[in-house]
Amino acid sequence: MRAAIAVPAASAAVAALLLTAPPGQAAPGAPRVAPCVQGELTLRAATAPHRPTVVRVSVTNRSGRTCAIDRVPLVTFGGLDGAALPVSGDGTGRLRLAAGATVHADVRTIVRAADPQARKAASVTVGDWTGRWGRVFAPARLGTGSKVAVWEPVTTSWQPSTAAADRALGLGAAPRTSPKPAPTRATPSPTPTSATPSPSPTGRVPHRPSPTPPAGPSPTSPAPTSPSPTGATPTSPVSPSVSSPGPS
């Protein structure tokens with residue numbers, strides 16, 4: 001399995017906290033420190049919040065002395081060959097872990113859990129490269145479900161804090177889920193009503209003309225007569241009678 005992500009080497013804070021030396025060599029003037037053994041260390045592991053493909057591990061020196069551990073944890077997966085590769089490629093050297101001190105590392109088991117090439121592991125073991133100590137974690141304890149999805153896993157070196165381990169793995173802020181908008185109720189459409197005439201500018205309701213036109217004067221009604229200047233009622237003129245000429 002090959003590393004999928006490359007990030008910068010451990011920060012200067014790690015060097016200030018833990019002294020390192022190449023395998024088989026001691027730093028000039030520094031006394032040789034015996035390696036930590038089983039029973040002196042406490043290992044913990046759990047998935048990162050909202051990131052089921054990232055397992056955070058830590059180791060605490062519970063002994064009363066300073067002991068040495070390998071710079072990069074050995075992370076293997078039950079039933080599968082190989083181990084998680086260091087993200088920075090500097091997997092050599094030792095760290096001096098003071099009595100009571102704790103260091104942290106991040107392990108990415110797979111980039112996408114839905115990857116069709118994913119393999120399923122029944123456990124995860126975290127320990128020392130030389131196999132002097134280690135602890136097996138079941139998927140239920142890690143929070144990955146019934147199995148651990150694995151494909152090209154990588155691990156950081158031991159870091160002085162969880163935040164430093166996250167940065168070494170290239171993690172940013174945990175993704176947030178946008179809240180769903182509250183459902184809106186449909187506004188009922190107004191019930192149509194009969195139209196009413198708009199008031200006139202004078203405040204009066206305009207007169208609505210009758211659809212039936214008013215009846216005109218009856219053709220049989222007598223025509224009005226104008227009064228006579230003398231006050232007498234005028235009479236119809238009588239044509240003078242024409243007498244027939246008598247015999248001559």
Side-chain angles (χ1 to χ4, degrees), residues 1-5 7 35-63 67 69-88 91 95 97 100-180:
M1 292 179 280
R2 62 181 184 275
I5 301 176
V7 299
C36 303
V37 296
Q38 190 78 27
E40 293 182 335
L41 304 175
T42 298
L43 275 164
R44 300 177 182 84
T47 54
H50 310 293
R51 298 183 186 275
T53 62
V54 176
V55 178
R56 288 174 173 168
V57 299
S58 66
V59 57
T60 302
N61 182 2
R62 296 188 297 105
S63 70
C67 59
I69 61 175
D70 283 315
R71 185 180 183 83
V72 177
L74 175 64
V75 183
T76 56
F77 303 90
L80 302 178
D81 294 333
L85 298 180
V87 294
S88 58
L95 296 180
L97 189 58
T102 300
V103 287
H104 307 261
D106 276 7
V107 180
R108 191 198 307 275
T109 63
I110 192 171
V111 175
R112 293 184 300 108
D115 192 324
Q117 301 184 84
R119 301 293 184 264
K120 301 296 183 179
S123 63
V124 175
T125 301
V126 182
D128 186 280
W129 276 109
T130 57
R132 294 188 303 270
W133 47 266
R135 182 177 178 182
V136 179
F137 295 91
R141 188 177 185 88
L142 295 175
T144 60
S146 59
K147 296 285 185 178
V148 180
V150 182
W151 185 251
E152 297 183 347
V154 294
T155 179
T156 69
S157 57
W158 293 113
Q159 304 290 325
S161 66
T162 299
D166 288 350
R167 290 193 298 269
L169 192 61
L171 299 183
R176 296 181 179 180
T177 303
S178 300
K180 296 182 180 179

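Values in this document were obtained by computation on a predicted structure and should not be read as measured data. Residue numbers count from 1 along this sequence.
Between the side chain of N61 and the main chain of S63, a donor-acceptor pair closer than 3.5 Å is present. Looking only at distances, a side-chain donor or acceptor of D70 sits under 3.5 Å from a matching main-chain atom of W129. Using modelled atom types, one side-chain atom of T47 and one backbone atom of L142 make a donor-acceptor pair closer than 3.5 Å.
Counting heavy atoms from C-beta outward, V154 and L169 have side chains that approach closer than 4.5 Å. Contact annotation: the side chain of L97 never approaches that of W158 to less than 4.5 Å [non-hydrogen atoms, C-beta and beyond]. Inter-residue side-chain proximity for L74 and W133 is flagged as unmet; no heavy-atom pair is nearer than 4.5 Å. Side-chain atoms of L95 and R71, non-hydrogen and from C-beta on, do get closer than 4.5 Å to each other.
Residue R44 comes nearest to T60 through the heavy atom pair NH1-OG1, 3.4 Å, listed as atom of the first residue, atom of the second, then distance. For the residue pair Q117 and W151, the shortest heavy atom distance occurs at O-CE3, 3.2 Å. The nearest pair of heavy atoms linking T156 to V87 is CA-CG2, 4.0 Å. Of all heavy-atom pairs between V75 and V124, the closest is CG1-CG1, 3.8 Å. Taking all atoms of both residues into account, the shortest heavy-atom contact from S157 to V72 is CB-CG2, 3.9 Å. The heavy-atom pair separating C67 from L41 by the smallest distance is SG-CD2, 4.5 Å.
In this structure, CZ in R112 is found 11.0 Å from OG1 in T53, a value given to the nearest 0.5 Å. Between the OG1 atom of T76 and the CG atom of D81 there is a distance of 10.5 Å, given to the nearest 0.5 Å. A distance of 13.0 Å separates CZ of R56 from CD of Q159, quoted to the nearest 0.5 Å. The CD1 atom of I110 lies 5.0 Å from the CG atom of D115; values are rounded to the nearest 0.5 Å. Here CZ of R51 is found 8.0 Å from CZ of R108. Values are rounded to the nearest 0.5 Å. Taken from OG in S161 to CZ in R167, the straight-line distance is 5.5 Å, to the nearest 0.5 Å.
Residues R62 and T42 have side chains that bring a donor and an acceptor to within less than 3.5 angstrom of each other.
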Trace of the side chain to side chain contact (heavy atoms under 4.5 Å, CB included) decision for V103 with I69: CA-CA 10 Å; V103 287; I69 61 175; 4.1 Å; yes
Can F77 and T109 be said to form a side chain to side chain contact (heavy atoms under 4.5 Å, CB included), step by step? CA-CA 9 Å; F77 303 90; T109 63; 3.9 Å; yes
